[in-house]
Amino acid sequence: MRSKLASRMLCATFLALSLVVPTALAALPSPAKTAQRVDAAIAEELFGEETPLAPRSDDETYLRRVWLDLVGDIPTPEDVTAFLLDSSTDKRERAVQQLLASPYYGQNWARYWRDVIFSRTIEDRAYIAANAMETDLTGWLNEGVGWDQIAARFITSRGDVQERGSTAILMAQDGRTEETTAEVSRIFLGIQIQCAQCHDHPYDRWKREQFHELAAFFPRVGVRPVRGLTKRSFEVFGTDRFGRNAKKDNDRRPQAEHFMPDLNDPTAAGTQIQPKFFLTSATLPIGASDADRRGQLAEWLTDNEWFAIALVNRIWSELLGEGFYEPVDDIGPDRQASAPAAVQLLAAEFSNSGYDLRWLLETICLTEAYGRESRPRRDSEQTPFTANVPQRLRSDQLMNAILSALEVDESQPANRGGRQFANSPRKQFADVFGYDPSVARESVTLSIPQVLALMNSAQVNRAVTAGRSNMLGRLLTAEADDEQVILELYLCALSRQPSEEEIAQLLAYRDEVDDRQQAFEDALWALINSTEFQHRR
Amino acid sequence: MNPNIQRRTEIALRGNRVVGRRDFLRQMSALGLTAGACNWTDVLSASADELRSRGMACIVLWMQGGPSQFETFSPKPNHNNGGETKAISTSVPGIQIAENLPYCARVMEDLAIIRSLTSKEGNHQRATYLLHHGYLPLGGVKFPTLGSHVAQHIGDAANQLPSCVRIGERLANSGDGGFLGVDYDPFVLRSANSPPENTEPATGRERYLRRLRLLDSIQAKFAAGSGAQVVADQRKLVANAAEMILSPSMAAFDLEQEPAALRAEYGKGDFAAGCMMARRLIEHGVTFVEVVSRGWDTHQDVFTRTRELTAQVDQPMAMLISDLKQRGMLDKTLVVWMGEFGRTPRINPRSGRDHYPKAFNAVLAGGGVSGGQVIGETDDAGALVSERPVSVNDLFRTIYHTLGIDADHENISRVGRPIKLVDGGEVIQELFS
């Protein structure tokens with residue numbers, strides 16, 4: 001452990017130093033090789049000779065899967081056709097790399113993290129920070145900024161919440177010391193230390209005092225309104241200047257030090273607590289500045305093994321339908337991983353990669369575990385990772401899929417800094433279809449309002465009604481062969497070719513309805529409303 | 001046969017025959033019978049009364065954020081902790097409540113106030129979960145919410161509306177059907193002042209039914225493979241949703257059908273509309289309705305803010321009880337007013353009160369509960385329960401008891417562990433004397 005003085009100096013030159021990291025890039029572990037080692041570790045830990053493994057998924061399924069997972073959208077019929085016709089053996093690897101090089105990669109994952117952070121806001125007004133967060137994080141991801149640096153930016157942030165996306169967690173928690181502490185630990189370490197906030201937890205090792213020691217890194221942060229001539233906003237700020245009036249309970253102004261409330265006398269001032277990082281017991285002195293506290297915490301936290309494990313586990317869970325630990329934000333030394341060696345290996349190599357998220361995604365996409373066919377979610381007695389799992393699309397993925405399948409443009413200016421997200425069609429869509437991505441996916445269920453929105457909303461029904469200027473209208477005019485129409489509709493919506501049976505089914509339906517246009521409108525409506533469309537297989 | 005059965009048998013919920021029959025019908029409807037081949041609701045209507053045990057129903061008025069007991073049902077005008085809030089007399093001699101609740105004071109003979117509710121959870125998320133499930137969140141177990149349990153046990157299987165409805169924007173940690181399945185999820189309505197969204201079929205009825213049939217048939221391939229569970233769930237929800245929107249019972253969601261004079265008596269605002277809609281829904285066979293009021297997290301200006309909130313809640317709550325009573329529905333409808341915890345006895349420097357689960361309030365009315373009484377008491381400072389503590393488990397057990405549901409009924413969770421509706425606790429017998 002570095003001396004306090006040295007670490008503080010380091011903290012001051014934090015960004016400069018982190019520029020040294022790219023020298024490690026030369027030794028970047030190979031994604032393909034790492035994928036093989038992860039598969040081998042899983043097989044070693046979990047599979048016997050008799051364990052039934054789902055076969056490798058077909059090309060259509062794999063392509064739609066990586067599109068949704070990496071760029072949050074479905075491939076066009078042309079993408080699908082080109083991929084099927086490509087006979088080279090490395091086409092999956094190349095498809096993954098091409099998707100990771102697309103700007104939509106950053107946008108897709110920025111939106112994922114937006115949902116992680118804003119699903120837990122204390123007040124709705126925090127949404128004014130969502131646009132800047134999405135924009136900035138999209139940029140960082142596309143530039144290839146390491147996850148350690150991204151985490152440090154969120155933890156140490158200050159500034160106008162509509163201009164600085166890194167303020168998002170602090171804004172979402174209203175700058176409140178204890179809530180911010182809980183979220184930083186949950187999001188970046190996967191550890192729910194706040195359970196120890198009120199009392200020592202019977203099953204966990206963390207004691208109440210350790211939660212408050214972590215909280216002691218954040219007492220000098222606050223959120224305050226800023227009113228300019230033309231706009232109103234909020235600002236995340238940190239301060240080291242305090243008046244003589246000590247902070248009273250529930251006063252949300254920043255305070256010089258953190259106090260742990262006395263449970264027997266909630267009205268008393270409580271005990272002054274020194275900043276101490278619970279995973280390593282490293283401490284900062286009472287009186288340390290806000291910049292030192294948050295800078296030092298960011299460094300200690302991103303250096304810790306649980307930082308890498310939490311991220312690797314989270315992304316693995318998103319891509320395979322199940323993490324090594326579930327739920328992804330309640331892990332830690334007291335939880336049992338389903339394949340400990342595999343997650344350790346992946347986390348160690350992720351750390352070696354310089355916390356390179358693209359490296360991690362490519363590696364996971366190249367594992368056999370990821371590439372297998374999907375099966376219904378397993379029972380607790382069945383072996384994990386013998387198959388992939390159909391995942392219900394996140395709100396943004398579903399909206400993109402609808403827009404792509406129906407060839408509709410999203411008419412939304414992507415200006416930064418405003419309330420755009422808060423008032424956008426995308427947010428309205430998310431109000432119905434959104435869910436907290438940290439929640440175990442098996443508990444994310446469809447609801448009647450969601451079913452009704454896809455069946456009956458004017459937007460969907462307008463788009464499935466054949467007209468001169470829309471996809472279906474153009475298709476029906478250009479293509480006289482109804483089997484071809486059916487093929488095209490399946491490619492547009494489900495990114496796959498229909499089976500013989502499915503073609504026969506729709507041809508029979510056309511004959512029954514005896515109105516070509518109506519029949520295919522109904523077919524497109526049914527495809528968009530199908531469970532398969534709303535999942536990534 | 002249909003893959004619905006697979007999901008269903010994972011949960012060994014065979015105690016209630018209604019579930020089996022309802023499921024069977026849902027499956028049949030998913031296979032095309034909703035599409036007009038036969039009106040299965042009619043088939044069942046003869047036995048509808050029998051199915052809905054004793055015709056009981058429940059309305060929860062949920063105060064999100066943690067209402068101050070001092071400013072509502074436990075004023076302490078003679079102690080510093082009571083602040084500026086005065087107490088007023090009620091229709092029951094000897095019982096006083098806060099001046100903020102003049103309408104409730106007039107129906108006190110129907111209210112039973114619990115002043116000694118006590119828990120340990122002072123965190124909004126966990127406490128909201130606790131007061132909706134009777135359990136704290138536990139990794140790996142998908143506890144059903146109160147309303148879903150009620151819907152499963154005494155819901156009217158023949159009804160075309162969902163058995164469990166929540167009125168108010170999505171409420172985090174308020175729960176869903178959990179391991180009971182999507183059939184018992186609450187149907188969430190954003191506001192009672194506007195009709196539920198997207199309930200107008202996009203085409204004429206004939207074509208709509210035809211489309212539903214097509215949708216069902218094109219799902220076969222995914223249903224036969226990896227999508228077995230998810231398609232089964234979606235088929236149920238599509239069948240339930242379609243049945244609802246094509247049914248005449250949709251009128252239950254239309255407050256315009258209520259006389260203007262009566263609407264005025266409920267008062268203005270979303271909560272008032274929600275209370276009135278709750279009554280309409282119960283009349284239309286819905287079994288459990290939750291109406292949400294937000295903004296009770298009064299860390300600042302507790303006096304002014306609680307006054308604003310009670311102005312939205314007091315009149316509709318009292319009117320709901322009078323209206324149910326006048327229609328002869330109160331005996332069979334349990335009304336529960338509660339939030340996730342109470343607020344601190346001490347007033348903080350910003351004239352607010354903080355979270356305080358040690359001693360807080362719930363109010364019960366109807367469903368056979370004897371009104372005009374107060375259960376439990378706190379000390380003069382309002383800090384500690386001095387008489388007859390009531391735990392959250394006691395409260396939940398009492399709610400199930402009132403509705404004629406066996407709180408010791410065991411469901412088997414997916415991991416094979418038996419889970420009672422309520423673990424421990426005792427019925428508050430005074431409520432029925």
Side-chain angles (χ1 to χ4, degrees), chain A residues 119-120 194 197-199 248-252 266-267 326-327 330 373-377 379-380 387-390 392 431-432 436 440 442-443 445-453 455-458 460-461 499 501-502 505-506 509 512-513 518 522-523 525-527 529-532 534-535 537, chain B residues 6 10 120-123 139-140 142 162 169-170 172 176-178 182 185 187-189 196-203 207 210-211 214-215 217-223 225-231 233-235 237-238 240-242 244-245 299-300 344 346 348-350 352 354 356 414-415:
Chain A
S119 294
R120 304 283 173 102
Q194 79 276 14
Q197 180 173 349
C198 311
H199 49 87
K248 303 278 173 32
D249 57 293
N250 204 53
D251 182 342
R252 288 228 186 75
T267 58
E326 285 286 342
D330 192 6
E373 283 182 5
S374 288
R375 292 287 179 268
R377 191 167 288 283
D379 289 339
S380 52
N388 210 311
V389 180
R392 184 159 178 77
D431 286 341
V432 180
D436 179 348
E442 65 173 330
S443 59
T445 48
L446 188 67
S447 71
I448 286 187
Q450 290 171 351
V451 166
L452 289 172
M455 293 202 300
N456 300 332
S457 72
V460 170
N461 278 286
S499 67
E501 261 183 328
E502 287 170 328
Q505 214 167 37
L506 284 184
Y509 185 77
E512 176 202 330
V513 172
Q518 273 204 12
D522 294 351
W525 178 91
L527 285 168
N529 276 280
S530 72
T531 314
E532 183 176 344
Q534 299 164 44
H535 283 75
R537 292 190 294 138
Chain B
Q6 181 184 338
E10 284 175 29
K120 287 179 180 156
E121 276 309 325
N123 165 295
K142 295 158 70 182
E169 295 275 349
R170 281 202 295 191
D176 57 23
V182 293
D185 281 349
F187 174 57
V188 181
L189 192 64
E197 288 156 324
N198 301 311
T199 49
E200 200 63 44
T203 62
R207 189 173 177 195
R210 200 175 73 200
R211 274 187 172 185
L214 178 66
L215 170 60
S217 65
I218 68 158
Q219 304 244 54
K221 189 174 178 211
F222 193 40
S226 62
Q229 289 166 352
V230 288
V231 174
D233 278 351
Q234 200 227 17
R235 280 177 160 160
L237 287 176
V238 167
N240 291 353
M244 175 175 84
I245 65 172
H299 289 286
Q300 303 180 42
T344 43
R346 213 192 82 147
N348 72 28
R350 298 164 104 182
D354 304 322
Y356 199 72
R414 278 187 64 176
V415 291

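Lettering follows sequence order; numbering is per chain, from 1.
Neither the backbone nor the side chain of Val389(A) comes within contact range of chain B, judged by heavy atoms closer than 4.5 Å. Contacts between Asn529(A) and chain B at a heavy-atom distance below 4.5 Å involve backbone atoms as well as side-chain atoms. When heavy atoms are compared at a cutoff of 4.5 Å, Glu532(A) approaches chain B by way of both its backbone and its side chain. Using a 4.5 Å cut-off between heavy atoms, Glu373(A) does not touch chain B at all. Only the side chain of Arg537(A) comes within less than 4.5 Å of a heavy atom in chain B; its backbone stays farther off. When heavy atoms are compared at a cutoff of 4.5 Å, Ala440(A) does not approach chain B at all. Using a 4.5 Å cut-off between heavy atoms, Ile245(B) touches chain A through its side chain atoms alone. Both the backbone and the side chain of Asp431(A) have a heavy atom closer than 4.5 Å to some heavy atom of chain B.
Pro376(A) and Gly225(B) make their closest contact through CG-O, 3.9 Å (heavy atoms, listed as atom of the first residue, atom of the second, distance). Nearest heavy-atom pair across Ala241(B) and Val451(A) is CB-CG1, 4.0 Å. Between Ser226(B) and Ser374(A) the shortest heavy-atom distance is CB-O, 3.1 Å.
In this structure, Ile218(B) CD1 and Asp522(A) CG are separated by 11.0 Å, a value rounded to the nearest 0.5 Å. Gln505(A) CD to Lys221(B) NZ: the interatomic distance, rounded to the nearest 0.5 Å, is 11.5 Å. With rounding to the nearest 0.5 Å, the separation of CD in Gln534(A) from CD in Gln234(B) is 5.5 Å. Atom CG of Asp233(B) and atom OG of Ser447(A) lie 12.0 Å apart (nearest 0.5 Å). Once rounded to the nearest 0.5 Å, the distance linking CE of Met455(A) with OG1 of Thr199(B) reads 10.0 Å. Here the CZ atom belonging to Arg207(B) is positioned 10.0 Å from the CH2 atom belonging to Trp525(A), to the nearest 0.5 angstrom.
In this structure, the side chains of Leu214(B) and Leu506(A) come closer than 4.5 Å at one or more pairs of heavy atoms. A heavy-atom distance below 4.5 Å is found between the side chains of Met244(B) and Leu452(A). A 4.5 Å side-chain heavy-atom check between Ser217(B) and Tyr509(A) finds every atom pair outside the cut-off.
Contact tally against chain B (heavy-atom pairs below 4.5 Å) for Glu501(A), Gln518(A), Glu326(A): the top residue is Gln518(A).
A donor atom on one side chain and an acceptor atom on the other are found under 3.5 Å apart for Gln219(B) and Thr531(A).
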Might you work through the side chain to side chain donor-acceptor pair (under 3.5 Å) test for Arg375(A) and Gln229(B), ending with a clear yes or no?
-> CA-CA 10 Å; Arg375(A) 292 287 179 268; Gln229(B) 289 166 352; over 6 Å; no
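Residue-environment remark: CD (Glu200(B)) stays at or below the threshold of 12 foreign heavy atoms within 6.0 Å.
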